[in-house]
Amino acid sequence: MDAAPPDDDALLYGHDPAERIVALHPVGPATMRLYRRRSPTEVTTEDVRVHPFFFLSDADLLRGFPRDRFQFQELAGRGFFRYVVAFPDRGAYFDALRHVERATETAKARPDEVYLPGSPEQQYLMQTGRTLFKGMAFDDLVRLQLDIEVYSPKGFPQATVPEHRIILVALSDSTGWSRLVGTPEMTEEEVLRETLDLVKERDPDVIEGHNIQSFDFPYLFERCRRHGVPVDLGRDGSPPRSYPTSMRFAERQVEFDAVEIAGRHVIDTLHQTMAFDVFKRDLPNYTLKGAARYFGFAPEGRTYVPGDQIAHVWDTDPHRLMEYAIDDATETERLARFLSGSTFYLTQMVPMPYGQAARTGPAAKVEALFVRGYLHARHSLPRADFGSQVVGGYTDVFVTGVVGPVVYADVESLYPSIMLTYDVQPKGDALGLFPRLLRRLTGLRFETKDAMREADDAHERGELDARQSAYKIVINSFYGNMGFGYALFNDFAEADRVAATGQDLLRQIMRLARAAGARVVEVDTDGVLFVPPDSVVGEAAERQFVERLSEQMPDGIRIGFDGRFQRMLSYKKKNYALLDYDGHLKFKGSSLVSRSSERFGRAFVREAIRLLLEEDVQGLHDLYLEHRRRIEAHDWQGVESFQRTETLKTSLADYEQAVAAGERTRSAAYEVAAREAARTGRAPRVGDRVSYYLGEGGGRVFEAARPARDWSPAAPDESTAFYLDRLDQLAGRFEPFFETPAQFRLVFSEEDLFGFDPSAVRLVVRERDPEEVEDDVPF
DNA sequence: AACTTTGGCGCTCCGT
DNA sequence: ACGGAGCGCCAA
């Protein structure tokens with residue numbers, strides 16, 4: 001089977017036949033340039049006329065605006081946005097927006113009587129029903145990787161410091177080509193000119209780099225500006241454009257100036273890595289090397305050069321730095337190949353340029369699909385409802401302590417299944433696109449997964465996997481979109497109905513499992529962890545047990561077997577550890593594995609849990625004493641062992657303002673960042689990570705905190721008292737696992753006047769009866 | 001300007 | 001000493 005997706009579904013893949021547009025960008029007030037791939041190397045251009053447009057609630061709002069400067073059409077249906085208004089050029093478009101703004105007399109820049117469907121490119125794709133990359137496979141793209149090396153003898157490289165300069169640029173592309181630019185004899189200007197010439201010569205569709213948006217590109221452009229080298233990287237010879245934007249990865253926000261290059265796409269593998277980790281929560285860090293090692297993409301025996309030694313290595317052994325740079329480019333290519341497949345396939349569905357699809361969240365993509373569908377049907381659009389969703393997933397824990405064996409069963413695609421089975425549809429969706437799209441996407445995903453299973457070529461399997469995960473992303477976003485306050489097609493009551501039905505189903509599963517003799521340990525949203533009845537022994541029997549549960553579910557709801565474990569340490573809701581049959585421990589929840597804990601603390605908790613699972617009381621006591629000893633002796637691997645690292649969520653100015661207003665209290669990370677900024681003159685950015693430790697001298701944490709890099713093993717000045725407290729605090733988590741608090745204290749203390757006797761200590765399992773909470777379901 | 005949701009735990013600060 | 005509030009990180 002061809003890895004290219006179907007293109008016969010207008011709703012999903014647009015209304016035009018396959019045409020292989022790889023890029024587009026506005027070139028005038030009323031034109032858009034299309035870049036079409038004709039062959040692996042030939043890209044043709046074509047200028048087309050565009051009509052910037054918006055949706056409007058009331059035609060009267062344009063009364064008095066010159067009639068020859070716009071066209072409008074009344075849309076069908078009783079939606080809120082009942083008119084679509086198109087303009088001959090972007091000047092008229094913006095004039096009209098200002099006109100409407102005045103007419104509505106609101107101070108807001110965007111009166112809510114207008115709906116603006118995205119960037120010019122997105123508008124073009126929406127109104128023509130086109131998509132990018134149609135009929136293409138991922139490998140049809142030419143992707144170029146770029147990695148710069150900067151000479152900065154001391155301190156962080158800064159483009160504005162004259163003596164910091166670009167010495168080396170590694171370039172490679174997806175055809176296997178690669179090149180290094182830079183020798184000790186070359187001037188920076190020569191390096192810059194050759195780099196730009198090579199990029200233009202390779203004519204890539206996509207430029208990729210790790211942190212390229214915030215480091216490589218801004219740095220490169222600034223140095224070019226200083227040398228008067230024109231940055232004509234656009235396919236039309238235009239310079240890059242940039243605009244401030246931000247991306248969110250779960251709780252983390254990253255702000256940067258997004259770079260756009262005419263006719264090409266810019267993909268930052270740092271962002272892709274962070275997006276990946278939102279689901280995995282497993283990466284050691286987000287550096288190129290860290291991510292490459294995690295995924296197994298590091299070239300065998302690759303060269304490593306620590307950042308602060310780049311200048312030194314360049315002076316003494318330039319070839320080593322060259323190997324290092326090309327290894328970086330290789331890793332970037334592998335990372336991008338692995339991480340961008342699903343976005344590539346999303347771009348074939350959603351009317352958005354590739355770079356935009358990589359930057360926006362899933363809700364924006366679902367909305368774009370809906371708006372294109374409604375525009376094509378010439379149907380009016382609903383308005384976003386005010387309010388919020390109330391109901392969420394059901395979570396509870398009934399057993400704490402060490403139990404086993406344990407089986408995890410979950411409802412497959414819980415929310416999508418509910419939405420399909422119970423005919424969920426947001427109230428604004430007059431055309432019924434929601435169920436149609438959901439059904440079609442689900443069908444395509446199953447087809448793709450089937451094809452993936454049958455594919456014998458690993459490469460083809462990879463492509464199909466990327467495609468099915470693109471479907472999955474969109475499918476799962478349908479639910480989130482309904483509960484999103486700014487979504488046109490939101491419906492909080494309907495979102496609540498989905499969540500409440502999910503709760504209902506989960507309680508049903510619990511009852512069935514208990515009735516069949518299982519002990520339910522913990523439930524969370526769509527899955528149940530339970531100890532199977534004594535009669536169920538071995539994987540085959542366990543699977544059969546789950547299958548019987550599944551058979552008792554309503555049609556359309558399937559329960560899957562999602563794992564089996566030797567033992568489990570159940571702590572609290574959403575917090576537990578699982579020991580699989582290979583002896584691997586898996587941790588869940590922030591109280592056991594949070595990255596905000598110090599490394600030594602995480603290691604302590606990990607080892608303690610392993611010992612608890614083995615019921616090794618003597619081992620626990622020894623472990624505790626060993627950690628105490630190390631803290632008292634300053635016996636660390638380095639400051640990394642006990643530093644805390646936090647992400648700055650707001651600017652220092654906003655933080656100070658919030659503190660002054662009494663909206664929040666002072667916090668160590670911001671205080672350390674502020675002191676550092678005052679010292680170095682370099683203001684920290686939102687999303688920056690700050691590492692600090694607690695110095696001796698006491699006081700509140702935010703007062704005693706010191707920058708991690710100031711710590712020296714030669715003169716260790718961390719607060720031993722604080723870290724001993726910290727150890728006890730962490731040990732305190734284990735108290736409920738012991739028969740009595742006194743027994744717990746015996747294990748986690750130094751008092752062994754009469755010697756430590758583990759036989760006096762007993763671990764317990766505490767159990768609560770689920771019936772007592774099984775009240776009526778809210779609906 | 002852009003923005004998916006609710007549920008949960010632990011740490012820190014600060015007022016009482 | 002205790003408990004609420006804010007925040008960061010995590011599960012799904």
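Residue numbers start from 1 in every chain, and the chains themselves are labelled A, B, ... in the order their sequence lines are given, proteins ahead of strands.
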Heavy atoms under 4.0 Å, any strand shown: does [X] hit a base, just sugar-phosphate, or nothing?
X: N481(A); result: nothing
X: S596(A); result: sugar-phosphate
X: G480(A); result: base
X: Y670(A); result: sugar-phosphate
X: Y479(A); result: nothing
X: S597(A); result: nothing
X: V366(A); result: nothing
X: T647(A); result: sugar-phosphate
X: F478(A); result: nothing
X: F492(A); result: nothing
X: R689(A); result: sugar-phosphate

Round to a whole Å and report the spacing from [atom1] of [X] to [atom2] of [N].
X: K586(A); N: dC10(C); atom1: NZ; atom2: C1'; answer: 15 Å
X: D496(A); N: dG7(B); atom1: CG; atom2: C1'; answer: 14 Å
X: I418(A); N: dT5(B); atom1: CD1; atom2: C1'; answer: 14 Å
X: E522(A); N: dA12(C); atom1: CD; atom2: P; answer: 8 Å
X: R595(A); N: dC11(B); atom1: CZ; atom2: P; answer: 18 Å
X: N575(A); N: dA12(C); atom1: CG; atom2: C1'; answer: 13 Å
X: D654(A); N: dC7(C); atom1: CG; atom2: P; answer: 12 Å
X: K572(A); N: dC10(C); atom1: NZ; atom2: P; answer: 17 Å

Quick one: which of [options] gets closest to the side chain of [X]?
X: S590(A); options: dC11(B), dC3(B), dC10(C); answer: dC10(C)
X: F484(A); options: dC9(C), dC13(B), dT5(B); answer: dT5(B)
X: P362(A); options: dC9(B), dT4(B), dC11(B); answer: dT4(B)
X: Y571(A); options: dG8(C), dC3(B), dG10(B); answer: dG10(B)
X: F702(A); options: dT4(B), dC14(B), dG10(B); answer: dC14(B)
X: Q389(A); options: dT6(B), dG8(B), dC14(B); answer: dT6(B)
X: Y576(A); options: dA12(C), dC3(B), dC13(B); answer: dA12(C)

**OP:** Measure up the Y693(A) and F642(A) rings against each other and bin them: parallel (under 30°), tilted (30 to 60°), perpendicular (over 60°).
**Re:**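 Ring orientation of Y693(A) relative to F642(A): perpendicular.
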[X] and [Y]: aromatic ring centres closer than 6.0 Å?
X: Y286(A); Y: F276(A); answer: no
X: F744(A); Y: F748(A); answer: yes
X: Y115(A); Y: F54(A); answer: no
X: Y571(A); Y: F587(A); answer: no
X: Y415(A); Y: Y479(A); answer: yes

Can a side chain N or O of [X] be found less than 4.0 Å away from OP1 or OP2 on [N]?
X: K649(A); N: dC9(C); result: yes
X: K574(A); N: dC9(C); result: no
X: R726(A); N: dC11(B); result: yes
X: K588(A); N: dG8(B); result: no
X: T665(A); N: dA5(C); result: no
X: R602(A); N: dC9(C); result: no
X: R700(A); N: dC11(B); result: no
X: K573(A); N: dG8(B); result: yes

**OP:** Report yes or no: is the cationic atom of R664(A) (NZ for Lys, CZ for Arg) closer than 6.0 Å to the six-membered ring centre of Y670(A), at no more than 45° off its axis?
**Re:**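 The answer is yes; both the distance and angle limits are met.
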Original post:
Between R664(A) and T645(A), which has a closest nucleotide on DNA chain C that is more 5'?
Top reply: R664(A)
**OP:** Please confirm whether any donor atom in the side chain of S667(A) sits under 3.5 Å from an acceptor in the base of dG8(C), or the reverse.
**Re:**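 No such pair is found, so the answer is no.
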**OP:** Could you measure between the two P atoms, the one in dA12(C) and the one in dC3(B), and give it in whole Å?
**Re:**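 Between the two P atoms, the distance is 26 Å.
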Subject >> Flag for T645(A)-S691(A): side-chain donor and acceptor within less than 3.5 Å >> reply: yes
